Amino acid sequence: SVLMLCDAATTPGTSTARYVAVAASVADGGVAPEAVTSAAALAGMRFYKLANCAYQSAAGSQDQNVAADANSLQLDFDGAGNATSNAMTLTFTAAEFSDMLANGSSVGGLGFSAWRFTIDGQPRTVLVERSDYDAVNQSPGVVQLWLPQ
């Protein structure tokens with residue numbers, strides 16, 4: 001399971017922390033997640049950003065009942081695993097992203113982990129983003145979820 005705890009805060013940092021969890025239960029036919037440790041495994045994939053259980057656009061939340069669309073914040077991986085996004089000015093080389101996935105490092109205050117599930121014979125991958133506390137902007141560290149297209 002991939003879980004996101006949501007709350008009613010309209011402004012980040014004005015309520016308790018939000019959490020994202022990847023949980024495994026292999027009992028009774030459960031599906032165990034596999035940690036993805038190489039950006040090459042994400043090559044050609046596109047992910048959409050969720051915060052507080054809603055897809056996000058540059059203008060903010062797209063509401064909890066809205067599906068990802070052309071306005072949603074995206075993270076795209078090219079054929080080599082290099083990552084670009086309309087959500088951030090940072091770009092990540094495949095080596096940088098692989099280091100984040102394998103070693104928990106961060107680039108520009110951002111870090112990612114990736115998890116793959118196989119459901120009905122089909123692989124499903126999710127990304128979990130974590131950002132550090134930003135003392136300059138007084139912005140709290142947050143954890144957000146990225147779901148595939």
Side-chain angles (χ1 to χ4, degrees), residues 1-7 9 12-13 15-58 60-134 139-149:
S1 297
V2 178
L3 310 168
M4 177 176 259
L5 177 65
C6 305
D7 61 37
S15 68
T16 58
R18 298 178 181 104
Y19 298 95
V20 173
V22 176
S25 173
V26 293
D28 298 325
V31 178
E34 170 192 351
V36 176
T37 58
S38 171
L42 306 173
M45 297 183 78
R46 169 177 283 168
F47 294 85
Y48 293 98
K49 186 174 192 167
L50 283 100
N52 202 26
C53 297
Y55 285 102
Q56 301 295 299
S57 73
S61 176
Q62 291 183 277
D63 200 9
Q64 291 184 2
N65 298 317
V66 175
D69 61 25
N71 295 317
S72 300
L73 299 178
Q74 304 165 8
L75 182 61
D76 294 303
F77 292 86
D78 67 15
N82 300 303
T84 58
S85 177
N86 66 352
M88 57 192 88
T89 57
L90 291 173
T91 59
F92 305 99
T93 66
E96 288 172 328
F97 213 88
S98 292
D99 189 49
M100 284 189 280
L101 296 177
N103 301 314
S105 66
S106 63
V107 175
L110 293 176
F112 288 87
S113 58
W115 302 92
R116 180 180 300 119
F117 299 82
T118 301
I119 301 171
D120 296 330
Q122 298 295 315
R124 307 280 190 231
T125 305
V126 298
L127 297 176
V128 178
E129 172 193 335
R130 64 190 183 285
S131 64
D132 298 335
Y133 172 77
D134 182 345
S139 173
V142 295
V143 179
Q144 298 176 60
L145 185 64
W146 294 78
L147 295 181
Q149 179 177 8

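Keep in mind that this is a model prediction, so the values were computed, not measured.
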Would you please name every residue forming a side chain to side chain donor-acceptor pair (under 3.5 Å) with Ser61, sequence neighbours left out? none
Closest heavy-atom pair and its distance - Arg130, Ser105: NH2-O, 3.2 Å
Excluding sequence neighbours, so at least two apart, what forms salt bridge (Lys or Arg N to Asp or Glu O under 4.0 Å) with Arg124? none
Sequence neighbours excluded, which residues qualify as salt bridge (Lys or Arg N to Asp or Glu O under 4.0 Å) partners of Glu96? none
Who pairs with Ser57 by side chain to side chain contact (heavy atoms under 4.5 Å, CB included), at least two apart in sequence or on another chain? Ala59, Gln62, Asn71
Rounded at 0.5 Å granularity, tell me how far CZ in Phe47 sits from CG in Leu145. 10.0 Å
For Ala80, all residues meeting side chain to side chain contact (heavy atoms under 4.5 Å, CB included), sequence neighbours excluded: Asp78, Asn82
Worked verdict on Tyr55 versus Leu147 for side chain to side chain contact (heavy atoms under 4.5 Å, CB included): CA-CA 9 Å; Tyr55 285 102; Leu147 295 181; 3.8 Å; yes
Residue set satisfying side chain to side chain contact (heavy atoms under 4.5 Å, CB included) with Thr84, at least two apart, ordered chain then number -> Asp76, Thr91
Taking the side chain as every heavy atom from C-beta outward, state whether Thr125 and Pro148 have any atom pair closer than 4.5 Å. no
Taking atom CG of Leu42 and atom CZ of Phe92, what is their separation to the nearest 0.5 Å? 12.5 Å
Shortest non-hydrogen contact between Ala58 and Leu73, atoms and distance: N-CD2, 3.7 Å
Taking Ser38 for its side chain and Ser98 for its backbone only, find out whether a donor-acceptor pair lies under 3.5 Å. no
For a 4.5 angstrom cut-off between non-hydrogen side-chain atoms, does Leu110 reach Glu129? yes
Check: Phe117 and Val126 side chains under 4.5 Å, non-hydrogen atoms: yes
Side chain to side chain contact (heavy atoms under 4.5 Å, CB included) filter on Ala114, not counting sequence neighbours, yields Val36, Leu101, Leu127
Identify, with sequence neighbours excluded, every residue that meets side chain to side chain donor-acceptor pair (under 3.5 Å) alongside Gln74. Arg46
Can you give me the closest heavy-atom contact between Ala39 and Gly81, atom names plus distance? CB-O, 3.4 Å
